[in-house]
Amino acid sequence: MEMGRINSLISTSALLWLIFVLENVSIVYGNAEGDALYAFKKQLRDPNNVLQSWDPTLVNPCMWYHVTCNFDNSVTRIDLGSANLTGQLVSQLGQLTNLQYLELYNNNISGKIPQHLGNLTSLVSLDLFRNKLEGHIPKTLGKLQKLRNLRLNNNDLTGTIPYSLTTITTLHVLDLSNNNLRGYLPNNGSFSLFTPISFANNPKLKLPVVVPLPPAPAPAPAPLNS
Ligand SMILES: *[C@@H]1O[C@H](CO)[C@@H](O)[C@H](O)[C@H]1NC(C)=O
Ligand SMILES: *[C@@H]1O[C@H](CO)[C@@H](O)[C@H](O)[C@H]1NC(C)=O
Ligand SMILES: *[C@@H]1O[C@H](CO)[C@@H](O)[C@H](O)[C@H]1NC(C)=O
Ligand SMILES: *[C@@H]1O[C@H](CO)[C@@H](O)[C@H](O)[C@H]1NC(C)=O
């Protein structure tokens, strides 16, 4: 065999080997999660450069600041409270299926809460309080059946409180105060635990209708003693 042919065979197999290795590295959650987070970053204004380390060319986002992963290199936490971020939530965040903590409180995030966040079924804390969120609370959030903390207070949320939230039996801390929610406040399921403090300062929110008990039968007249 002539040299050129051997060389090209060697480089072809080296290339195939490289492809094989890269495929296997990225098969573990690949960079789909990094891509999802980068889609979020791309439309944020970040004057304090807290997202400077979010480099989409890394194999995964696990080395980025404010991101925590599990041993499978899948994202479990985003800690970006009080980070002075301006922008919107993106539907791609719903792809982080092992996410347990989404901490984005006290920023300047506007727009709607994407329905896709209902796909984050590992979520334990959803903390979006003190932002500029508007629109309805998506009823898909009722799919978050491990949620313990749901804090959406101090935004500009409108619409009614979805009944689906009453089915989250793990719910421990609920704060929907200081919004513009309307309609009747659910008081069944997990909501039976929460006091009006959780819903304070939503001027259009109505307390649930209390169905009056039927009047007690009048006591039988006491027999006349002779
Ligand atoms: C937030 O960013 C703005 C610029 O958009 C800056 O003027 C302000 O000082 C920042 N605030 C904090 C607390 O870093
Ligand atoms: C907050 O976001 C709005 C746009 O939604 C922008 O006009 C305003 O400048 C932002 N505020 C700060 C402090 O960055
Ligand atoms: C995530 O949620 C959205 C809206 O709720 C839905 O349309 C979509 O199919 C879901 N995606 C996955 C991967 O489950
Ligand atoms: C609470 O009541 C609403 C409306 O009647 C219902 O859709 C919802 O499933 C109830 N929640 C629970 C936990 O039973």
Side-chain angles (χ1 to χ4, degrees), residues 27 29-37 39-52 74-75 78 80-100 102 104-123 126 128-148 150 152 154-172 174 176 178-194 198-199 205-211:
I27 220 142
Y29 301 106
N31 216 3
E33 296 197 336
D35 292 346
L37 284 171
F40 180 43
K41 171 185 168 159
K42 265 191 302 198
Q43 52 78 54
L44 289 174
R45 198 150 54 82
D46 174 21
N48 298 6
N49 283 321
V50 298
L51 304 178
Q52 202 165 25
S74 181
V75 176
I78 299 172
L80 285 167
S82 305
N84 210 2
L85 298 172
T86 291
Q88 307 210 341
L89 300 172
V90 297
S91 58
Q92 286 94 326
L93 290 172
Q95 294 169 17
L96 305 169
T97 49
N98 290 303
L99 192 66
Q100 296 181 347
L102 182 54
L104 292 170
Y105 54 87
N106 202 23
N107 282 291
N108 189 28
I109 296 173
S110 57
K112 295 185 174 178
I113 301 175
Q115 290 185 11
H116 296 67
L117 296 195
N119 295 340
L120 297 175
T121 51
S122 305
L123 215 53
L126 180 57
L128 304 176
F129 57 92
R130 295 193 185 279
N131 277 290
K132 300 229 174 76
L133 293 166
E134 56 183 39
H136 295 193
I137 300 173
K139 63 168 174 282
T140 55
L141 297 189
K143 294 195 289 176
L144 307 178
Q145 291 285 320
K146 293 184 180 162
L147 203 60
R148 286 180 60 79
L150 177 60
L152 306 177
N154 297 79
N155 279 291
D156 199 17
L157 297 169
T158 54
T160 59
I161 300 175
Y163 274 111
S164 62
L165 298 181
T166 65
T167 69
I168 308 177
T169 53
T170 49
L171 209 53
H172 191 68
L174 176 70
L176 303 179
N178 298 291
N179 278 294
N180 204 9
L181 299 166
R182 64 177 170 80
Y184 286 103
L185 173 60
N187 68 341
N188 61 337
S190 60
F191 274 51
S192 61
L193 298 172
F194 301 114
S198 295
F199 312 99
L205 200 59
K206 294 193 268 282
L207 291 175
V209 217
V210 178
V211 181

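Just so you know, ligand 1 is whichever comes first in the structure, and atom 1 is the first atom listed for that ligand. Index from 1, following the sequence. Computed over heavy atoms, backbone and side chain alike; hydrogens, waters and symmetry mates excluded.
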**Request:** For atom 5 (O) of ligand 2, grab the closest protein heavy atom and report residue, atom and distance to one decimal in Å.
**Result:** S110 OG, 3.9 Å

**Item:** Residue and atom name of the nearest protein heavy atom (relative to atom 6 (C) of ligand 4), distance in Å to one decimal
**Value:** N188 ND2, 4.2 Å

**Complete:** In short, I113 meets P138 closest at the heavy-atom pair O-CG, 3.4 Å

**Prompt:** Hey, which atoms in ligand 2 end up nearer than 4.0 Å to a heavy atom of K132?
**Reply:** 1 (C)

**Asked** Under the 3.5 angstrom rule, does the side chain of N107 hit a backbone N or O of A83 as a donor-acceptor pair?
**Response** yes

**Request:** State whether any protein heavy atom lies less than 4.0 Å from atom 11 (N) of ligand 3.
**Result:** yes

**Prompt:** Taking only heavy atoms of T140, which atoms of ligand 3 are found under 4.0 Å from at least one of them?
**Reply:** 5 (O)

**Asked** Within a radius of less than 6.0 Å around CD of Q43, do more than 12 heavy atoms belonging to other residues, nucleotides or ligands occur?
**Response** yes

**Asked** What residue and atom, counting heavy atoms only, is the protein's closest point to atom 7 (O) of ligand 4, and at what distance?
**Response** Y163 CB, 4.0 Å

**Request:** May I have the step-by-step check of side chain to side chain contact (heavy atoms under 4.5 Å, CB included) for N154 and N131, ending in yes or no?
**Result:** CA-CA 7 Å; N154 297 79; N131 277 290; over 6 Å; no

**Message:** If you count heavy atoms of other groups shown closer than 6.0 angstrom to NZ of K143, is the number above 12?
**Reply:** yes

**Request:** Among all protein heavy atoms, pick out the one at the shortest distance from atom 13 (C) of ligand 2; state its residue, atom name and that distance to 0.1 Å.
**Result:** N108 ND2, 4.4 Å

**Asked** Taking only heavy atoms of G189, which atoms of ligand 4 are found under 4.0 Å from at least one of them?
**Response** 13 (C)

**Request:** Provide, to 0.1 Å, the distance between atom 14 (O) of ligand 3 and the closest protein heavy atom, together with that atom's residue and name.
**Result:** N119 ND2, 3.5 Å

**Asked** With only distance considered, is T167 within less than 3.5 Å of ligand 4 through an N or O on each side?
**Response** no

**Message:** Considering K139, K143, H116 one by one, which has a heavy atom nearer to atom 3 (C) of ligand 3 than any of the others?
**Reply:** H116

**Prompt:** Does NZ belonging to K41 count more than 12 external heavy atoms closer than 6.0 Å?
**Reply:** yes

**Complete:** Quick note on ligand 2: atoms under 4.0 Å from a heavy atom of R45 include exactly 9 (O), 10 (C), 14 (O)

**Asked** Any donor-acceptor pair under 3.5 Å linking the side chain of E33 with the backbone of V75?
**Response** yes

**Prompt:** Among protein heavy atoms, which lies nearest atom 4 (C) of ligand 2, and at what distance?
**Reply:** T86 CG2, 4.4 Å

